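Before any comments, here is the structure.
Computed from a prediction, not measured in an experiment: that's the story for all the values here. In each ligand, atom 1 is the first atom listed, and ligand 1 is the first ligand listed.
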Amino acid sequence: MSNESLANLLKEERRFAPSSELAAQANVTAEAYERAEADRLGFWAEQARRLTWSTEPTETLDWSNPPFAKWFADGRLNVAYNCVDRHVENGLGDRVALHFEGEPGDSRSLTYAELQREVCKAANALTELGVRAGDRVAVYMPMIPETVVAMLACARIGAPHSVVFGGFSADALATRIQDADARVVITADGGYRRGEPGALKPAVDEALTRPGTENVRHVLVVRRTGQETGWTEGRDIWWHELVERQSDRHTPEAFEAEHPLFILYTSGTTGKPKGILHTSGGYLTQVAYTHHAVFDLKPESDVYWCTADVGWVTGHSYIVYGPLANGATQVLYEGTPNTPHQGRWWEIVQKYGVTILYTAPTAIRACMKWGDDIPAKYDLSSLRILGSVGEPINPEAWVWYRKHIGGDRVPVVDTWWQTETGAMMISPLPGVTETKPGSAQVPLPGIRATVVDDDANEVPHGSGGYLVLTEPWPSMLRTIWGDDQRYRDTYWSRFEGKYFAGDGAKKDEDGDIWLLGRVDDVMLVSGHNISTTEVESALVSHPKVAEAAVVGATDAQTTQAICAFVILRGTATEGEDLTEELRAHVARTLGPIAKPRRILAVAELPKTRSGKIMRRLLRDVAENRTLGDVTTLTDSSVMDLIQSRLPAASSED
Ligand code: WT7
């Protein structure tokens, strides 16, 4: 990326130092960076000792056949034992592991001792169904405790799970079952979302009519909603019939550190979904360490809540494996943030005294749009750490989160990572880092990341380029399931010897890292590289804009022309005045080159189910093309609305 274009980029001067109380009692201090810098592998070997191994590893990293890493290869452990049994053995059986809150308002708490019994029964049930170590199990579930139990039961018997998000279609489920060649599917009749029972089992039934799914011998069905469900005798089994009659004792077997723990599919922008493979010892080490360090977890007193769905990697690493390995008490919520009212999340924080909250920028912006008065009605004084993940968080949303949820006293940690990285990689540490709104800032101790230009040279401070990871890390993906060559090509071939994350980033004058979104989303305007993230941040910093999505549309003169889709706040109305006001505002904050050519007010933006804006579709609209694949959209009617509203180019530069 050219440097001159970056000279104009967003200036964010606000700084927030850690409070002295937090700094004084923080789990991790600045010393960790020095320790890891001096001896990176020694540092990770120390972190591996957070786990209980049946055979302690003597090797840390085997990188003799890059990019195929082995971490702690001669160690053996059982992941489920580490997440459950060892806490019970340490006298913590009565500690609550999960406070489950159903969307209709039902709730139930499970202690570690209860969780242990449930996981043992489920492990025995899977064994009775013929599942053996190495067999794949697909999990297609709502956000209920049985989902966590099912994942841990798979881990316990060494059967890699492939969790498929419950909002995905039968098609998406079928391709994932085929690719992983799953033997059993664990599902539910349905789950509650937006005040309604939503069925899951029919999608499983449909998926299993597709060729390539014949190896699925059984479907294990949890009864959640009680809705009418089709039944295939001999194949389908009720969870409450099979699991409940099992013994609640089960001896965990130790597996090699590199034993596969799970496959999780990412759709990416093109091609067939990639089955990201994660293994056991290195993965568990890094999720446990980062959960301890970044959230400053005090397991005896904190109540932690991650609002992600378990169907995403955030749910795997920071609902199931990290928090449970650390013996945390956490909230698990089934539904949406605005059911039955827009204060539901804050009501839950108040009810359980949540101290650590981890959520996504898209949710924060939705709450901003609903209004400051909603969280103000609840007692949020228990909160002490706020986290963000999933996309770049614009400074306005970051500051709103800190102020209106964190009472202007709680630190916000913006954590950058990916399904592929398995665990957090770049993030402030709440007791150490002076935070900057909108920046993930620094690689965590033991992680090496930087920003390079097209020729793989590290860029100087104040410049932009591509984010790369320069050394292997314990929770890295091991390959793409069944496709080693695609693993090499996708991640390790763009820059020799470095992992290419696919994200654009810049380093500021202090060397802190700012993520700029996927490189496919960077626009080229009259020879300048401009990031969609920064134009969006500039638009959202205007008081009349609640949300913005920006794309570059092909343009004969300027290569690409910036086209912005905005959701207006409350009473603001679209019109030529507002368009000009917003263009001028962007010109002031970023420079005239970043002024959107067109600005269109819309009611909704097209998003994937994990909340990422589908810019590809907006580009289709901006270029008057027929729409590409809309199957991963949360709500495909959004696109019809946007298309029908598209005006001709409003003004020219
Ligand atoms: C992509 C990975 C990591 C769990 C959820 C998403 C974007 C993620 C941040 C952040 C800027 C972020 C990147 C990344 N992303 N976190 N804090 N700041 N961008 O997992 O679906 O694999 O997506 O999400 O573009 O590459 P994922």
- Which residue owns the protein heavy atom closest to atom 3 (C) of ligand 1, what's the atom, and how far is it? Trp417 O, 3.1 Å
- Sub-3.5 Å donor-acceptor pair from the side chain of Arg494 to the main-chain atoms of Phe500, do we have one? no
- Message: Using a 4.0 Å heavy-atom cut-off, which part of Val313 comes near ligand 1: side chain, backbone, both, or neither?
- Response: side chain
- Note on the structure: The atoms of ligand 1 lying under 4.0 Å from a heavy atom of Val389, numbered in the order shown, are 3 (C), 4 (C), 16 (N)
- Task: Mind checking whether Thr419 contacts ligand 1 via backbone (N, CA, C, O), side chain (CB onward), both or neither, at a 4.0 Å heavy-atom cut-off?
- Result: both
- Donor-acceptor contact present, side-chain Ser439 to main-chain Ile513, <3.5 Å: yes
- Message: So is Trp312 touching ligand 1 or not, going by heavy atoms under 4.0 Å?
- Response: no
- Have a look at Thr533, Asp521, Thr314 and point out the one with the heavy atom closest to atom 4 (C) of ligand 1. Thr314
- With a 4.0 Å heavy-atom cut-off (strictly under), which part of Ala440 contacts ligand 1: side chain, backbone, both or neither? neither
- Considering only the protein, which heavy-atom contact is closest to atom 14 (C) of ligand 1, and what is its distance? Asp503 OD2, 3.2 Å
- Are any of the side-chain nitrogens in Asp512 or Lys507 under 4.0 Å away from the carboxylate oxygens of its partner? no
- Note on the structure: Note: Gln418, heavy atoms under 4.0 Å from ligand 1, region reported as both
- Top protein contact for atom 10 (C) of ligand 1, by heavy-atom distance: Glu391 O, 3.5 Å
- Message: Taking side chain to side chain donor-acceptor pair (under 3.5 Å) as the definition, give me every residue that meets it alongside Gln485, ordered by chain and number, with sequence neighbours left out.
- Response: Arg488, Asp489
- Tell me which protein heavy atom sits closest to atom 11 (C) of ligand 1, plus the residue, atom name and distance to 0.1 Å. Pro392 N, 3.1 Å
- Got a donor-acceptor contact below 3.5 angstrom from the Asn27 side chain to the Leu297 backbone? yes
- Message: Contact between ligand 1 and Lys612 is defined here as a heavy atom of the residue under 4.0 Å from a ligand atom; is it met?
- Response: yes
- Scan side-chain atoms only and decide if Tyr487 and Trp492 contain a donor-acceptor pair under the 3.5 Å cut-off. yes
- Message: Using ring centroids (six-membered ring only for Trp), state whether Phe43 and Tyr289 fall under 6.0 Å.
- Response: yes
- Item | Geometric class of the Phe295/Tyr304 ring pair [parallel <30°, tilted 30-60°, perpendicular >60°] | tilted
- Task: Specify the protein heavy atom at minimum distance from atom 16 (N) of ligand 1: its residue, its atom name, and the distance to 0.1 Å.
- Result: Gly390 N, 3.1 Å
- Query: Among all residues two or more places apart in sequence or in another chain, which pass the side chain to side chain donor-acceptor pair (under 3.5 Å) test with His316?
  - Reply: none
